[in-house]
Protein chains: 2
Amino acid sequence: MNLTEAKQQFISSWGAFGTHWGINKTMAQIHALLMVSPDPLTQDDVMEQLTISRGNVNMNIRDLIDWGLVDRMIIPGERKEYFTAEKDIWKVATQIVKERKKRELDPLLKLLAQLENIEGDKKDKAIKQFTDTIAGIKKFGSQADKMLDLMIKADANWFLGSLIKIFK
Amino acid sequence: MNLTEAKQQFISSWGAFGTHWGINKTMAQIHALLMVSPDPLTQDDVMEQLTISRGNVNMNIRDLIDWGLVDRMIIPGERKEYFTAEKDIWKVATQIVKERKKRELDPLLKLLAQLENIEGDKKDKAIKQFTDTIAGIKKFGSQADKMLDLMIKADANWFLGSLIKIFK
DNA sequence: TTTTATTTTCAAAATATTTTGAAAATTCAA
DNA sequence: TTGAATTTTCAAAATATTTTGAAAATAAAA
């Protein structure tokens, strides 16, 4: 397989992968393209390589910047803006974990805390089932939260190394 | 807050949570409803409680069964089918991890293995950037894969306990 | 300032996904 | 068997999301 085909496959597959994770296909594809591009690209480069419209590129790059996965670069003497993606996958992963934790897990845990104390007879079957389930999810979520915080702070080698050593 | 309000909030919030993870809202809501219901429910119960159509309930329950998150129950003497959800959140989490690994991570790793050896001069900047990125993702993915396998096999207390102890 | 290049916005169009509901299929009891 | 209850299917409708492209805004050069 040559480079062009391989790139194409990777971009398309990363896009499909993204859709299973609540990320739109184009955003994931732009991310993939920037990850395998040795040099920064302009909006026009992305438009051309993925054959998508200017507005689409612009909006999705903005989102990627919000996610902290893409950086805007100014090249002295050049009028256009350039964009690069973080290429160290550990950094990409921790950045995604950080953002999703903030956007999804933290609010969920906050809600669960509120739902834990409801009015009524604790002996009642329906109330017991509800509070037990909520408490279980909250406990699990809090532990996951702690672990993810550690991951975010940790260094790749240390974190993965520790896990492998422990679980081998 | 009373039980009815709390249930409502949980169902709606679990549904919203699901949509960030590539799961459709209704499927996540049915799952939530079954998790907090002390007794098994019929399709009609679900239709009524979530005010959605019969076809919708049927299709989504089928998906939940495919995911291994809901079980069909036959109650002797009853004509209708009943459904229950696993309520132990650790089991829910490992089941989801197991399925997503199979459906998403495993195929991705397989593709990356193919993309690792491409034709051309390894010194070429574009080729180097591509192979390095792919290799990085593959290595990270493989380690995650191993860890998730361990999680699937492990017991909740042991797994989370070990992690907490190690990283505390 | 005026002109030109570039980026951003956003309403409308295109596409994709979800939901409905009635018909078909299935299951079970009589 | 037959018939009633229940489940399943799936085309069409409703909704939601994504994409386009041209106009407006912004930034840099002349």
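Proteins get letters first, then strands, A, B, ... in listed order; numbering begins at 1 in each. Predicted, not measured: the structure shown is a model, and the values here were computed from it.
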Fill in: Pair B/Q8, B/T4: side-chain N/O donor-acceptor within cut-off below 3.5 Å
no
Worksheet item: Would you say A/T26 reaches D/dT18's phosphate, i.e. side-chain N/O to OP1/OP2 under 4.0 Å?
Response: no
Item to complete: With sequence neighbours left out, write down each residue that passes ring pair (Phe, Tyr, Trp, His ring centres under 6.0 Å) with B/F10, or none if nothing qualifies.
Response: B/W14
Fill in: Shortest non-hydrogen contact between A/R54 and A/D44, atoms and distance
NH2-OD1, 3.1 Å
Discussion item. Using every non-hydrogen atom in the two residues, find where A/N58 and A/Q43 come nearest and quote the distance to one decimal.
Written reply: ND2-OE1, 2.8 Å
Worksheet item: A/E78 has an atom CD; how far is it from atom P of D/dA29, in whole Å?
Response: 11 Å
Worksheet item: Which of residues 42-75 of chain B sit near DNA chain C, with a heavy atom under 4.0 Å from it?
Response: B/I52, B/S53, B/G55, B/N56
Fill in: Considering all heavy atoms, the nearest B/V92-B/E86 contact
CG2-O, 3.6 Å
Discussion item. Heavy-atom count check: over 12 atoms from other residues, nucleotides or ligands less than 6.0 Å from A/K87 NZ?
Written reply: yes
Worksheet item: Whole Å only: how far is the CD atom of A/E81 from the C1' atom of D/dA28?
Response: 12 Å
Response to the item:
Considering only heavy side-chain atoms of A/K80, the closest of C/dT6, C/dT18, D/dT19 is C/dT6
Response to the item:
From CE of B/M27 across to P of C/dT18 the rounded distance in Å is 10 Å
Discussion item. Can you measure B/R79 atom CZ to C/dT26 atom P for me and round it to whole angstrom units?
Written reply: 15 Å
Practice prompt. Give DNA chain D the dot-bracket treatment, 5' to 3': Watson-Crick (N1-N3 with N6-O4 or O6-N4) or G-U (N1-O2, O6-N3) under 3.5 Å, [ ] crossing, | other strand.
Written response: ||||||||||||||||||||||||||||||
Worksheet item: So, A/T131 side chain and A/K128 main chain: donor-acceptor pair closer than 3.5 Å or not?
Response: yes
Worksheet item: Regarding A/D45 and A/T42, is there a side-chain donor-to-acceptor distance under 3.5 Å anywhere?
Response: yes
